[in-house]
Amino acid sequence: MNPQAAPHDAGAFHRAVWQQVRAIPRGRVATYGQIAKLVGLPEGVAPDAYRAFGARWVGAAMGACPDDVPWQRVLNAKGEISLKGGTQRRLLEAEGVEFDAKGRVDLKRFGWAGPDEPKQESLF
DNA sequence: GTTGTGACATCGC
DNA sequence: CGCGATGCCACAA
């Protein structure tokens, strides 16, 4: 159906994003690009376009995500919070995520490798 | 229907 | 490592 139309199911896409965000273990963070990649390429969307704006669609989905979605665990590629205010940071700190002086998280340490990565917490 | 902006990523300097 | 510029889709006014 919709061989070429495939008008990018925003509803299904948003849902897929939320589902993926829910998979992020506590005390772990993921980037928008990571989530976008895990969700996969929506039908009818060019890989280039997805690479360029997929992460943004994820962010857009976050803006409408239900409360049961740990949106706070989603950060940008720099490991920093895009939103202003200190709400998100405080929520992450409550989970054990550390921030540096620049307000950035060390993705090498708290970055989520993905669903392939076991939920173990061998941080040390 | 056009214009503008966005919870970003990547490349170059 | 930081900053600037670019890419390109969807949605709101």
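Proteins get letters first, then strands, A, B, ... in listed order; numbering begins at 1 in each.
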With ring pair (Phe, Tyr, Trp, His ring centres under 6.0 Å) as the rule and sequence neighbours excluded, what pairs involving residues 26-51 of chain A come up?
Y50(A)-W57(A)

Quick one: do I35(A) and V17(A) satisfy side-chain contact (heavy atoms from CB on, under 4.5 Å)? Show the steps, please.
CA-CA 7 Å; I35(A) 296 296; V17(A) 171; 4.0 Å; yes

Residues 44-65 of chain A vs salt bridge (charged side-chain N to carboxylate O under 4.0 Å, His left out), sequence neighbours excluded, gives none

With sequence neighbours left out, which residue pairs that include part of residues 60-77 of chain A fulfil the salt bridge (charged side-chain N to carboxylate O under 4.0 Å, His left out) condition?
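Applying salt bridge (charged side-chain N to carboxylate O under 4.0 Å, His left out) to every pair that reaches into residues 60-77 of chain A, excluding sequence neighbours, yields R22(A)-D68(A), R73(A)-E95(A).
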
Spell out protein contact along nucleotides 5-12 of chain B as letters: B when the base is contacted, S when just the sugar-phosphate is, - when no protein heavy atom is under 4.0 Å; keep the 5' to 3' order.
-BBBSS--

Contacts to DNA chain C from residues 101-108 of chain A, heavy-atom cutoff under 4.0 Å, which residues?
K102(A), R104(A)

Taking the side chain as every heavy atom from C-beta outward, state whether V29(A) and I24(A) have any atom pair closer than 4.5 Å.
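No - every pair of side-chain heavy atoms lies 4.5 Å or more apart.
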
Taking only residues two or more places apart in sequence, or in another chain, which ones meet A94(A) in a side-chain contact (heavy atoms from CB on, under 4.5 Å)?
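So A94(A) forms no side-chain contact (heavy atoms from CB on, under 4.5 Å) with any residue.
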
Check step by step if side-chain contact (heavy atoms from CB on, under 4.5 Å) holds for L92(A) and E98(A).
CA-CA 8 Å; L92(A) 288 174; E98(A) 290 183 22; over 6 Å; no

